[in-house]
Amino acid sequence: MHLSFVPPRRVKIGDAAAFAGTTPRAIRHYHALGLLPEPERGGDGRRRYGHQDMIRLLWIRRMAGAGIALDDIRDALTADTGSVGDDRGDGGSGGGDVDGGDGIALTLERLENSLAAQEAVLRRQRTAVQRMRAEGSRMGLLSDVVTDRFKSLPEGALRQGELDTLLVTERIFGPLGAAVQATRFIALATRPALREESDRVDAAEEALDDTVAVDDPRVARVAAERHAFEGALDAFIEESGLAGDDDALFEAWDARDSATTDQEEDEEEEEDDDGGGDRGSGGRRARTMSAFEAVGRMPYDFSPARLRCMELAEQLAAQDTPTA
């Protein structure tokens, strides 16, 4: 059994821009302003972006989508705290034929749609800023369906690496995917023994670097440890009732989605009329790729030995799956 897809270890600026929902020109601008450090370059002299580069780029895009000034974003990412810049919307109205009554009516209609779109953008930005202030961290930039799952946890229970993972998951699979993944981090935050074992297995996997051969006995051993840990984690999630929370989450999401789809479609049409741009905080506009395309554009610096370890762990999990 082989992994169906091997993620790239580095990506070019075009793929980095496509994954983050921006443009190569914008990324170069971020480099010029000092928001995004210059990455390593390949043998052809072109920039090559790794996993941490993409994490930082995604945070930059989310903060910019929330209306935070680029200078403030740079300061926030440097000191891990930041201030919010002024929200500025571009005014404007649609042009068109105004020679007759119908032309004036169409012009006024386009103007009203433009103002409504600007109001919608400002509402989303204000909500994102309010949630950042309430959460006291970048977690407020994740969708509310994700952050609501952590309300019962004490402050500081989540690690930055876990927030990074949720950010990527939400980008690829949407808010519901990240909300479901949150169950894992809730379990780790509430069971110290599981957290300790998770750290141990993670460290063992990270040790499978490029110096380790794919047939090294350590690869199979770590795969077995990963499989055992995942089994223990799943058992705790089931016993603790967190699995039931997931079921309730799916039901609530279905009800919420059906109630908001029409409204979101109307807002998107208004933004299209006004030439609106990227939507932040998990908006639909930001997700224009399939999950397969997104996975292919998000680099992970996994060695061949680590990929083989993941493959073996999948085989062990498949053996545990009951057949119909």
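Residue indices begin at 1 and follow the sequence shown. Predicted, not measured: the structure shown is a model, and the values here were computed from it. All values below were derived from every heavy atom in this structure, side-chain atoms included, with hydrogens, water molecules and symmetry-related copies excluded.
Partners of Arg46 according to the side chain to side chain donor-acceptor pair (under 3.5 Å) rule, which considers only residues two or more places apart in sequence or in another chain, do not exist here. Remark: Arg226 pairs with Asp202, Glu205, Glu230 by the side chain to side chain donor-acceptor pair (under 3.5 Å) rule, at least two apart or across chains. Contacts of His227 classified as ring-ring contact (aromatic ring centres under 6.0 Å, His included), with partners at least two apart in sequence or in another chain: none. Ala228 is linked by a side chain to side chain contact (heavy atoms under 4.5 Å, CB included) to nothing, counting only residues two or more places apart in sequence or in another chain. In this structure Arg195 satisfies the side chain to side chain donor-acceptor pair (under 3.5 Å) test together with Glu162, sequence neighbours excluded. In terms of the side chain to side chain donor-acceptor pair (under 3.5 Å) criterion, residue partners of Asp144 (sequence neighbours excluded) are, by chain and number, Arg256. Not counting sequence neighbours, Ala207 has no partner by the side chain to side chain contact (heavy atoms under 4.5 Å, CB included) test. Looking at residues two or more places apart in sequence or on another chain, you find no ring-ring contact (aromatic ring centres under 6.0 Å, His included) involving Phe150. Residues that satisfy the ring-ring contact (aromatic ring centres under 6.0 Å, His included) test with His29, not counting sequence neighbours, are absent from this structure.
In this structure, OG1 on Thr165 lies 10.0 Å from CD on Gln160, to the nearest 0.5 angstrom. Distance check: Leu58 CG to Asp164 CG gives 9.5 Å after rounding to the nearest 0.5 Å. Interatomic distance, Glu40 CD to Asp53 CG, rounded to the nearest 0.5 Å: 8.5 Å. Taking CD1 from Ile237 and OG1 from Thr183, the interatomic distance works out to 6.0 Å, rounded to the nearest 0.5 Å. The CD1 atom of Ile27 lies 9.0 Å from the CZ atom of Arg61; values are rounded to the nearest 0.5 Å. One finds the CZ atom of Arg184 at 8.0 Å from the CG atom of Asp234 (value rounded to the nearest 0.5 Å).
No side-chain heavy atom of Glu293 sits less than 4.5 Å from a side-chain heavy atom of Ile172. For the pair Pro39/His31, a side-chain contact is recorded, criterion being any heavy-atom separation below 4.5 Å from C-beta on. Using a 4.5 Å cut-off on side-chain heavy atoms (C-beta onward), Val214 and Val219 make no contact. Contact of the Leu158 side chain with the Leu163 side chain is registered, since non-hydrogen atoms from C-beta on lie closer than 4.5 Å. Within the 4.5 Å cutoff, side-chain heavy atoms of Leu249 are placed close to those of Leu176.
Checked for salt-bridge contact, Glu170 and Arg62 meet the test: a charged N lies under 4.0 Å from a carboxylate O.
Donor-acceptor pairing under 3.5 Å is lacking for the side chains of Tyr49 and Arg56.
Across Ala305 and Ala213, no two heavy atoms sit closer than the pair CB-O, 4.1 Å. The minimum heavy-atom distance linking Cys309 with Leu208 is given by the pair CB-CD1, 3.8 Å.
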Show me, pair by pair, the donor-acceptor contacts under 3.5 angstrom made by side chains of residues 10-21, not counting sequence neighbours?
none

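For residues 29-38, every residue pair satisfying the salt bridge (charged side-chain N to carboxylate O under 4.0 Å, His left out) rule, not counting sequence neighbours, is listed here: Glu38-Arg41, Glu38-Arg47. Applying the salt bridge (charged side-chain N to carboxylate O under 4.0 Å, His left out) definition to pairs two or more places apart or across chains, those involving residues 145-154 are Glu135-Lys151, Arg149-Asp246.
The environment of CD in Gln130 is crowded: more than 12 heavy-atom neighbours from other residues, nucleotides or ligands sit within 6.0 Å.
Ser143 places no side-chain N or O within donor-acceptor distance of the main-chain N or O of Val146, the cut-off being under 3.5 Å.
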